[in-house]
Student: 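The structure that follows is given in the form of structure tokens.
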Amino acid sequence: MRALTFEFRFIIIAILGVIVPFGAALYFLPTQTEVYWPWVMNDGRSAMMLGAGYLAAVVYYTIALRWNQWLRIKNAYWALFTFAGVLLFATLLHWDQFRNYYISTLIWLLFYYTGFVLVPIVYRLELLHGGNTDDKMEKPLIGEPFRTWLIVRGVFYLAITVIGVLFAQEVAQWFPWSIAPIDLQVALAQVSSIGWVGFMIALNPAWKQNQMGLIFSFFAGVFQLIALALGPTPYNGGSPLSIVLPIIFVEWVVTPVILFAVYRNKES
Amino acid sequence: MKLIQYGVLYTGILYIALGVLGFLPIEALNPLHDAASHMRYMLLHFAVNELHNIVHLAIGVTGVAAARTPELSRLWGKGWGIVLVALFLIGIVQAIIEGLPNDQLLLGLVPLNSPGHMLHLVTGLVALYLGFAKVPEQAKTD
């Protein structure tokens, strides 16, 4: 199976160089965003929610480097584009909240402009290196009813992303803590990535090519559940989303666990 | 189409889109910030005026034209890559000298801000890669 190109490995290492400190700071120092983050977050729970996504991405890219196989990354690859797109959209809408020339602001801009510019070019580069052999679907394929479930959840999370991004002001009021629209929109970028996994399974149900997306889902769910349990501010159990959020994050964990249990032993 | 051509075409189309968007006098999209210098915040974000938009269009149109051949694409990458990275460096130095203002007027003509600087850096580096890097010429079919 073909290894990743030097360019893509270089980009992954650069991504890790950014998301490791971003994720660690947000997750472990959630009440000090005025020190290190491009904008000040009012509630530490929002910082942990964003940090959980970055930490899950750290696990994802570390495994991607270790496996070093384009075939395993290909399906989840375009999630980078949707992720960068959602964050860029949030940045455009809330630019007035960013601290100008703050080092983290410059890194943020560099990071997400780069994502938007480089993702299509690197994809093309990988295809040129890989030829046509990578397009073959390797068995086992994810069968029914799992495939249907993954597609349904993918559509659901993509729909949540669109609704949350467009109506962030309204959705924020249903949250169990005080979340700013910019924090919500940025957090939804990771939801869009999980939605993308379902979309790609509809196109290509090969188990090997969908593992990476499920690994991201699992770790994002684990980090989010820990954040819900240990968040630094009160959790309003009476808010409309107070039950929904834990259910969603448990689903992020349980679905990958079931699929790995079923398909891991079927790998050739 | 070879990778270099694809990359130059894609970057060129992005710049044409930015150039065209910048000309749209829609307040919700590109609010007017400074009437004296005709400065707008394109997409609520990038400080631009007519001259800046024309430069974006020039980068984009030459990119789309250069994408016809690998040789022209390489030349485009080298040329605009050097210009864009130089613009980033000059812009950042000027911003530091002026005390990191929200907006600045490069050479007294072109409005710029930190999103513009970072866009120049990113696209400049991508252009330099396309201009100088050794990349595969065509897809393998085995």
Side-chain angles (χ1 to χ4, degrees), chain A residues 2-8 10-11 14-15 18 38-39 70 81 84-85 87-136 182 185, chain B residues 1-11 13-15 17-18 21 28-31 33 41-47 77 84 88 91-92 95-96 98-104 113-127 129-130 133-142:
Chain A
R2 187 180 65 77
L4 299 173
T5 56
F6 164 78
E7 286 85 347
F8 194 28
F10 177 83
I11 288 168
I15 289 172
V18 172
W39 68 92
W70 169 240
F81 200 70
L87 291 190
L88 201 55
F89 185 71
T91 306
L92 299 181
L93 284 182
H94 302 287
W95 176 240
D96 56 331
Q97 294 183 39
F98 280 68
R99 291 183 284 182
N100 208 10
Y101 287 109
Y102 228 65
I103 188 69
S104 54
T105 300
L106 296 178
I107 292 170
W108 175 278
L109 294 174
L110 184 72
F111 203 48
Y112 294 114
Y113 293 164
T114 304
F116 219 67
V117 175
L118 265 190
V119 165
I121 296 174
V122 171
Y123 186 77
R124 181 84 174 187
L125 180 69
E126 290 291 341
L127 289 189
L128 287 174
H129 271 289
N132 301 327
T133 50
D134 282 356
D135 286 334
K136 290 175 186 169
I182 182 175
Q185 287 168 330
Chain B
M1 181 177 278
K2 292 170 181 171
L3 177 74
I4 308 159
Q5 293 167 273
Y6 176 83
V8 169
L9 180 65
Y10 177 71
T11 314
I13 289 170
L14 276 182
Y15 263 104
L18 288 175
L21 271 171
L29 195 66
N30 303 328
H33 182 64
Y41 282 136
M42 179 182 36
L43 299 172
L44 312 165
H45 195 56
F46 299 99
L84 286 165
F88 162 76
I92 283 288
I96 291 169
E98 293 177 356
L100 301 176
N102 280 340
D103 311 302
Q104 62 194 91
N113 58 356
S114 56
H117 294 320
M118 301 318 283
L119 181 72
H120 292 160
L121 177 62
V122 167
T123 50
L125 291 177
V126 169
Y129 169 77
L130 294 169
K134 192 177 178 185
V135 292
E137 294 295 304
Q138 58 190 25
K140 294 172 188 171
T141 52
D142 55 330

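Per chain, numbering begins at 1; letters A, B, ... match sequence-line order.
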Student: Check whether T5(A) gets within reach of chain B through its side chain, its backbone, both or neither, counting any heavy atom under 4.5 Å.
Tutor: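 Neither the backbone nor the side chain of T5(A) comes within 4.5 Å of chain B.
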Student: Might you point out which heavy atoms bring K134(B) and E7(A) nearest each other, and give the distance in Å?
Tutor: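 It is O-OE2, 4.5 Å.
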Student: Only counting residues at least two apart or in another chain, list the ones meeting side chain to side chain contact (heavy atoms under 4.5 Å, CB included) with F88(B).
Tutor: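 Residues passing side chain to side chain contact (heavy atoms under 4.5 Å, CB included) with F88(B): I92(B), H117(B), M118(B), H120(B), L121(B).
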Student: With a 4.5 angstrom heavy-atom cut-off, is it the side chain or the backbone of S114(B) that approaches chain A, or both, or neither?
Tutor: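 Backbone plus side chain of S114(B), per the 4.5 Å heavy-atom cut-off to chain A.
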Student: Sequence neighbours left out, what passes side chain to side chain contact (heavy atoms under 4.5 Å, CB included) with A14(A)? Give chain and number order.
Tutor: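 By the side chain to side chain contact (heavy atoms under 4.5 Å, CB included) rule, A14(A) matches no residue at all.
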Student: Do any of residues 115-122 of chain A come closer than 4.5 Å to chain B, heavy atom to heavy atom, and if so which ones, in number order?
Tutor: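 Residues in range: F116(A), V117(A), L118(A), P120(A), I121(A).
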Student: Is the shortest heavy-atom distance from the side chain of Y113(A) to the side chain of L119(B) under 4.5 Å?
Tutor: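 Contact flag for Y113(A)/L119(B) side chains = yes.
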Student: Does any heavy atom of chain A fall under 4.5 Å from the side chain of Y41(B), the backbone, both, or neither of them?
Tutor: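 For Y41(B), there is no contact with chain A at all, as no heavy atom is under 4.5 Å.
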Student: Got a second to check how far R124(A)'s CZ is from I4(B)'s CD1, nearest 0.5 Å?
Tutor: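 If I round to the nearest 0.5 Å, the distance is 11.5 Å.
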Student: Tell me the residues of residues 96-104 of chain A whose non-hydrogen atoms fall below 4.5 Å from those of chain B, in number order.
Tutor: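 The list, in residue order, reads N100(A), Y101(A).
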Student: Identify which of A95(B), G7(B), P115(B), A133(B) forms the greatest number of heavy-atom pairs closer than 4.5 Å to chain A.
Tutor: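 Among the listed options, the one with the most contacts to chain A is P115(B).
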Student: Distance check, rounded to the nearest 0.5 Å: L127(A) atom CG versus Y6(B) atom OH?
Tutor: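 The OH atom of Y6(B) is 8.5 Å from CG of L127(A), to the nearest 0.5 Å.
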